[in-house]
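Keep in mind it's a predicted model, so treat the numbers as computed, not measured. When reading the values below, keep in mind they use all heavy atoms of this one structure, side chains included, and skip hydrogens, waters and symmetry mates. Proteins get letters first, then strands, A, B, ... in listed order; numbering begins at 1 in each.
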Number of protein chains: 2
Amino acid sequence: MKTEESFKELLFNSPESVFYNISKDDKEYLLKNTECRSYKKNELVFLENTKPSGLICLSEGKVKIFKEGAGGRDQIIRLSRPGGFIGYRALFAGQNYHASAVSIEVSIACTIEKNALFSVMKNDPNLSFAMLSSLATELGVSNMRTVSLTQKHIRGRLAESLLFLIETYGYFDDGLTIKALLSREDIASLSNMTTSNAIRTLSTFAQEGVIALEGRRIKVVEIKMLQKISNIG
Amino acid sequence: MKTEESFKELLFNSPESVFYNISKDDKEYLLKNTECRSYKKNELVFLENTKPSGLICLSEGKVKIFKEGAGGRDQIIRLSRPGGFIGYRALFAGQNYHASAVSIEVSIACTIEKNALFSVMKNDPNLSFAMLSSLATELGVSNMRTVSLTQKHIRGRLAESLLFLIETYGYFDDGLTIKALLSREDIASLSNMTTSNAIRTLSTFAQEGVIALEGRRIKVVEIKMLQKISNIG
DNA sequence: CAATTTTTATGTTTTATAACAAACTAATAT
DNA sequence: ATATTAGTTTGTTATAAAACATAAAAATTG
């Protein structure tokens with residue numbers, strides 16, 4: 001089955017994966033306790049306030065993790081890419097999800113059953129350490145994001161979001177177009193601003209020659225400018 | 001030595017501590033590799049961009065962890081109380097500190113040497129799990145804070161900060177006065193607003209009879225109102 | 001205890017950004 | 001193909017919060 005193959009490759013045979021160095025037996029055991037399923041665009045992966053059943057690993061596609069804020073305005077907390085985990089914070093905290101997850105394009109996500117994962121982790125301190133390191137790194141990102149979102153002005157926040165998209169998803173083959181076709185609303189939710197202001201500021205950037213817009217495609221023309229705008233706030 | 005005694009009590013003999021259940025040998029080993037020192041008010045505990053040497057545990061006092069934002073305006077990321085860890089995020093991420101820590105009153109902090117801690121953790125999966133759970137819980141707090149700080153209005157943010165102070169430090173013996181005497185500037189840094197607006201909004205709350213002010217002492221008169229203001233944003 | 005600095009307080013002005021509105025375009029369904 | 005809905009764009013107005021200014025009070029220092 002194709003979906004399981006790509007999952008296996010990504011999770012167990014990629015050197016960046018936290019599962020790369022676990023024993024062959026453990027890999028087989030985890031694989032036996034994993035279920036994959038596919039999601040179409042805009043489908044719910046998990047809902048705020050429900051209980052995690054395992055570690056969800058994104059195998060293909062893109063998923064947004066977001067919280068509803070005051071007045072229905074969403075705040076995107078994180079974007080996931082293939083090979084990344086979703087909802088592991090709640091799992092390890094022993095809590096319900098604090099946010100919801102929705103696919104932003106056709107995706108495949110696989111869930112490693114909680115008890116199977118925990119039993120492997122108990123026997124392999126390195127795996128626990130890798131998870132610890134991963135969570136700690138994400139907490140650092142979250143803290144920096146808090147400061148950026150609260151202190152930078154609209155232009156700085158949008159520029160930072162675009163740089164974040166580039167970092168997370170890279171470019172299409174042209175080496176210029178950001179490989180993520182978000183709606184203007186999602187760009188706004190990522191940058192903590194209204195949709196109107198996201199649109200307006202994007203078109204200002206385009207007028208200034210920093211980026212070029214073709215529908216949802218965003219071409220990065222002057223990345224140095226983008227970095228400068230992000231840094232000055 | 002008094003400082004070491006209170007540290008020992010807090011870290012190893014309190015049921016809430018992650019170190020409560022480790023072996024007696026491990027406790028002794030960690031204690032041997034721990035150094036305590038005291039800090040006066042407004043003294044630096046660690047500086048952004050430097051390398052952690054171990055796990056810092058606050059034994060007595062209060063410490064603020066903050067980042068400098070655009071235009072010199074600080075953002076308090078977290079407040080620590082006795083029994084809490086400081087700077088463990090950077091330690092477990094294998095990174096330099098992303099924030100600075102400064103005591104806001106006379107404090108004692110003890111550092112468990114990194115390698116000693118790690119070797120105990122490798123042999124005790126439960127300890128790693130406890131740390132994992134602690135980090136994951138904090139990440140949840142951080143994510144919720146991001147949404148609050150970006151979406152709530154000034155009144156909601158200040159009310160939330162006051163509730164957070166109550167939760168973290170509790171009350172003096174009168175059962176009304178928040179047991180934390182922060183400067184107005186620190187209250188502002190915690191609530192993501194200017195000092196002027198923190199002062200103004202505090203005095204509005206006082207006029208409305210929600211709180212009562214006596215210098216830095218804040219008496220909570222109507223906690224239900226405070227919760228309501230925080231919730232409506 | 002006078003002098004200086006820091007912190008707190010309050011009033012006024014300015015500005016960034018949200019809120020609202022209206023039209024246009026693209027996507028989806030009938 | 002046409003109707004309907006969802007998403008994008010641009011302009012205008014309203015407002016929350018910052019910036020600025022000044023003064024009083026409290027804390028610190030010589």
Side-chain angles (χ1 to χ4, degrees), chain A residues 40-43 64 69-75 102 104-106 147-161 180-207 211-218 229 232-233, chain B residues 40-43 69-75 102 104-106 147-161 180-208 211-218 229 232-233:
Chain A
K40 32 189 173 168
K41 199 174 164 176
N42 293 321
E43 210 180 333
K64 63 176 171 184
R73 220 146 72 64
D74 288 345
Q75 172 76 53
V102 164
I104 56 175
E105 59 181 54
V106 173
V147 178
S148 291
L149 289 180
T150 54
Q151 301 212 346
K152 285 185 182 178
H153 285 180
I154 275 200
R155 287 170 60 88
R157 297 201 308 266
L158 182 63
E160 185 175 297
S161 290
L181 305 179
L182 302 200
S183 69
R184 299 296 195 248
E185 194 179 1
D186 278 342
I187 293 175
S189 299
L190 188 64
S191 314
N192 182 38
M193 61 185 67
T194 56
T195 307
S196 292
N197 276 330
I199 290 165
R200 215 186 301 268
T201 311
L202 277 173
S203 75
T204 308
F205 283 177
Q207 275 165 38
I211 59 173
L213 297 167
E214 288 168 43
R216 289 191 178 183
R217 279 159 201 281
I218 300 173
I229 295 167
I232 60 176
Chain B
K40 31 189 175 170
K41 198 173 163 177
N42 293 320
E43 210 179 332
R73 218 145 74 64
D74 287 345
Q75 172 76 53
V102 164
I104 57 176
E105 58 182 54
V106 173
V147 178
S148 292
L149 288 180
T150 54
Q151 300 212 349
K152 285 184 182 177
H153 284 181
I154 274 198
R155 287 170 60 88
R157 295 198 313 264
L158 183 64
E160 184 175 300
S161 290
L181 306 179
L182 303 200
S183 69
R184 301 294 195 252
E185 193 179 0
D186 279 342
I187 293 175
S189 300
L190 187 64
S191 315
N192 183 37
M193 61 186 67
T194 56
T195 307
S196 291
N197 277 329
I199 291 167
R200 214 186 302 268
T201 310
L202 277 174
S203 74
T204 308
F205 283 178
Q207 276 165 39
E208 292 168 355
I211 58 173
L213 297 168
E214 288 168 42
R216 290 192 179 182
R217 278 159 201 281
I218 301 174
I229 295 168
I232 60 176

Residues touching DNA chain D, which here means a heavy atom under 4.0 Å, drawn from residues 193-203 of chain B: M193(B), T194(B), S196(B), N197(B), R200(B)

Give a yes or no on whether the backbone of V147(B) and the side-chain of T150(B) come within a donor-acceptor separation of less than 3.5 Å. yes

For DNA chain D, whose closest nucleotide is more 5', that of L213(A) or that of K152(B)? L213(A)

Distance check needed: dT15(D) C1' versus R155(B) CZ, whole Å only. 16 Å

Hey, does the side chain of R157(A) come within less than 4.0 Å of dT17(C)'s phosphate (OP1/OP2), counting only N and O? yes

Backbone N/O of R200(A) and side chain of S203(A): donor-acceptor pair under 3.5 Å: yes

Length of the line joining R217(A):CZ and dT8(D):P, which is rounded to integer Å: 14 Å

For the pair made of CD in E214(A) and P in dG7(D), what is the distance, rounded to whole Å? 21 Å

Atom CG of L149(B) to atom P of dA16(D): distance rounded to whole Å? 19 Å

I need the NZ-P distance between K41(A) and dA6(D), as an integer number of Å. 15 Å

Phosphate-side-chain proximity, R216(B) and dT7(C), N/O vs OP1/OP2 below 4.0 Å: no

Rounded distance (Å) that lies between atom C1' of dG7(D) and atom CG of L182(A): 14 Å

Using heavy atoms to find the nearest nucleotide of DNA chain C for I154(A) and N42(B) separately, return the residue whose nucleotide is more 5′. N42(B)

Where the side chain of T201(A) meets the backbone of A198(A), is there a donor-acceptor pair that is under 3.5 Å apart? no

Do S183(A) and R216(A) have side-chain heavy atoms sitting under 4.5 Å apart? yes

To the nearest Å, give me how far apart CG (D186(A)) and P (dA6(D)) are. 16 Å

Under a 3.5 Å distance rule, please check whether R184(B) uses its side chain to pair with a backbone N or O of T195(B) as donor and acceptor. no

How many Å lie between CG on N192(A) and C1' on dA18(C), as a whole number? 11 Å

Mark yes when over 12 heavy atoms from residues, nucleotides or ligands other than E43(A) sit less than 6.0 Å from its CD; otherwise mark no. yes

Should R73(A) and N192(A) count as side-chain neighbours, where that means a heavy-atom distance under 4.5 Å? yes

